[in-house]
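Just so you know, these numbers come straight off a predicted model, no measurement behind them. Protein chains get the first letters and strands the later ones, always in sequence-line order, with residue 1 at the start of each.
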Amino acid sequence: MAELKSNSEPPAERKLYWADEAEEEATSKPAPPKLSWGEVAASSVDALSIRETEFNGFLDEPEALNIKAVTTGDTPYTSASTFEDLKLTQALLKGITDLKFQHPSKIQAVSLPMILTPPYKNLVAQAHNGSGKTTCFVIGMLSRVDPNLKAPQALCICPTRELAIQNLEVLRKMGKHTGITSECAVPMDSTKYMSFAKRPPVTAQIVIGTPGTIKKGISAKKLSVGSVKILVFDEADHMLAEDGFKDDSLRIMKDIQRISDHCQVLLFSATFNEIVKNFVSRVVKDHNQLFVKKEELSLESVKQYKVDCPDELSKVMVIKDRILELGENLGQTIIFVRTRHSAGTLHKSLVELGYEVTTIQGALKQEDRDKIVKEFKDGLTQVLISTDLLARGFDQQQVNLVINYELPVKHENHSEPDYEVYLHRIGRAGRFGRKGAVFNLLMGGRDEMLMEKIERHFNSQIAQVASWNSAEDFKAALKAAGLL
DNA sequence: AAAAAAC
């Protein structure tokens, strides 16, 4: 199992956005009413006992609007307006206050009662990027574990090792006072490699990892899942997608369900396309659900732009002269590329032009990946080139700028955009309601067509930067995004 | 070579 270094404290300027709202509310108006949405819907229970209701609790939070809740069964749930409402242990509450979380975000207020109330129903939860989904399942896992039982009781599966490590760091900080043990199950770096057969059995109460390593642990009988009562899939749509980790995920789910009589399954993601949604309802029985319309998924606080570039060189020049030149003091930047190869060539071009950039992609050695992520998270590097390795879940609050050097496309058909990946990429900026900007660099008619499809899909206008080589145009764009 | 995970 991988070792984990504890992260440095978040910088002082960090401010959680719902906390801001809470302060404002305290001075300007009374606390929001507790919504009992399960009950609201009770009047319209149909034959199947499916309840459906629109949620508009904290109207000030743009990200919070229009999460649609559908519950099955007759358990009423009451949205939590404070963390105290959730009857968490004192130790866990302390961890939450330590992290300066004052007020649950929308998705937390709504999902946590569903997760924590018997009979612990399965949950499929969609919420906007950067709205605090990790906290939902972290609190869920920490609350449901029996501290006296020294065996794995909660499992969380993530699509990349970077995300697993990041989630474990959040869990350890939040669970600092609980005494609950946790471990990361991800591929180890070459220097420390040890086969599962030689390793001692996992005793940690919470295990967070990637599908391959978790699967190996189970089949090598070093990770016993008999006591697992909560199973979380982060980025769940990808974990259950045909071209994602569907087979591994189903395998793990079945292994657990075979020997653990009731295991609560939680699926979290910002995106669930119709195909995955249909599949999910077949494999996760009798679940409550929270959904957002795709048209309402783009973050208001992140301004999106498109830039027509005549050729490859001009794309590099836009990054160098127009964006990085201006953006240097605006926080950190992630540049997304489609392939490992273009990551390499772009890296080379920018370095030759005298820019300090680092690059991450899956072909690098584990230890190099760890180093590059650490340097970026510590703020030692400003600009990071990445494949879609970091498209999902990567949480670095100082990222204000995302550049799509190449647009994400479907593997089977390069004329079709990958809408989900697009949304996840741009969600790396604007964490917790912060301001941010995205520049989509387009080259040629195919890119323009892809961009149009993306605009139509999310029903969002993407502003055009008039000229790729006008410093004024870019300055105006950043100003309009609130970054200058 | 799409990227990711993993042997």
For A:Ser260, enumerate each residue passing the side-chain contact (heavy atoms from CB on, under 4.5 Å) test, keeping only those at least two apart in sequence or located in another chain. A:Ile256, A:Cys263
With A:Gln464 via side-chain contact (heavy atoms from CB on, under 4.5 Å) - residues at least two apart: A:Lys306, A:Asp308
Pick base, sugar-phosphate or nothing for A:His414, based on heavy-atom distances below 4.0 Å to the nucleic acid. nothing
Pairs in or reaching into residues 387-405 of chain A: which pass salt bridge (charged side-chain N to carboxylate O under 4.0 Å, His left out), with residues at least two apart or in two chains? A:Glu235-A:Arg392, A:Asp237-A:Arg392, A:Asp388-A:Arg425, A:Asp395-A:Arg431
How long is the line joining CD1 of A:Ile165 and C1' of B:dA5, in whole Å? 13 Å
A:Asp189 has an atom CG; how far is it from atom P of B:dA5, in whole Å? 14 Å
So if I take residues 417-426 of chain A and measure heavy-atom distances to DNA chain B, which residues fall below 4.0 Å? none
Do any pairs count as a side chain to side chain donor-acceptor pair (under 3.5 Å) and have a residue in residues 201-211 of chain A, sequence neighbours left out, and if so which ones? A:Thr181-A:Gln205
Mind calculating the distance between CD (A:Glu406) and C1' (B:dA2) to the nearest angstrom? 11 Å
A:Glu412 CD to B:dA3 P: how many Å, rounded? 14 Å
Tell me which nucleotide among B:dC7, B:dA4, B:dA2 gets nearest to the side chain of A:Tyr193. B:dC7
Contact nearer the 5' end of DNA chain B, comparing A:Asp243 with A:Arg369: A:Asp243
Nearest-angstrom distance from the residue atom CG of A:Asn404 to P of B:dA2: 19 Å
What are the residues of residues 244-259 of chain A, sorted by number, that bring a heavy atom to within less than 4.0 Å of DNA chain B? A:Phe245
Is the charged tip of A:Lys315 near the ring of A:Tyr405: under 6.0 Å from the six-membered ring centre and within 45° of its axis? yes
For A:Phe233, check ring-ring contact (aromatic ring centres under 6.0 Å, His included) against everything at least two apart and list the hits. none
Here the salt bridge (charged side-chain N to carboxylate O under 4.0 Å, His left out) pairs for residues 217-231 of chain A, sequence neighbours left out, are none
With sugar-phosphate meaning primed atoms plus P, OP1 and OP2, does A:Lys410 contact a base, only sugar-phosphate, or nothing at under 4.0 Å between heavy atoms? nothing
Please give, in whole Å, the distance from B:dA3 C1' to A:Leu364 CG? 13 Å
Give the residues of residues 383-392 of chain A touching DNA chain B, defined as any heavy atom closer than 4.0 Å, sorted by residue number. A:Thr387, A:Leu389
Is there any salt bridge (charged side-chain N to carboxylate O under 4.0 Å, His left out) pair reaching into residues 403-418 of chain A, and which pairs are they, with sequence neighbours excluded? A:Glu416-A:Lys453
Looking at every non-hydrogen atom in both residues, tell me the closest pair between A:Ile335 and A:Leu350 and how far apart they are. CD1-CD1, 4.2 Å
Could A:Lys246 and A:Phe279 be counted as a cation-pi pair, given that NZ or CZ must be under 6.0 Å from the ring centre and within 45° of the axis? yes
A:Met188 atom CE is separated from B:dC7 atom C1', nearest whole Å, by 14 Å
Measure the distance from CG on A:Asp234 to P on B:dA4 and round it to the nearest whole Å. 17 Å
Describe the nucleic acid contact of A:Pro159 in one word from base, sugar-phosphate, nothing, applying a heavy-atom distance below 4.0 Å. sugar-phosphate
Of the candidates B:dA4, B:dA2, B:dC7, the side chain of A:Gln361 sits closest to B:dA4
For A:Pro310, enumerate each residue passing the side-chain contact (heavy atoms from CB on, under 4.5 Å) test, keeping only those at least two apart in sequence or located in another chain. A:Ser314, A:Trp468
So, OP1 or OP2 of B:dA1: does either fall under 4.0 Å of a side-chain N or O from A:Arg338? no
Among residues at least two apart in sequence or on other chains, which ones pass side-chain contact (heavy atoms from CB on, under 4.5 Å) with A:Lys198? A:Met194, A:Ser195
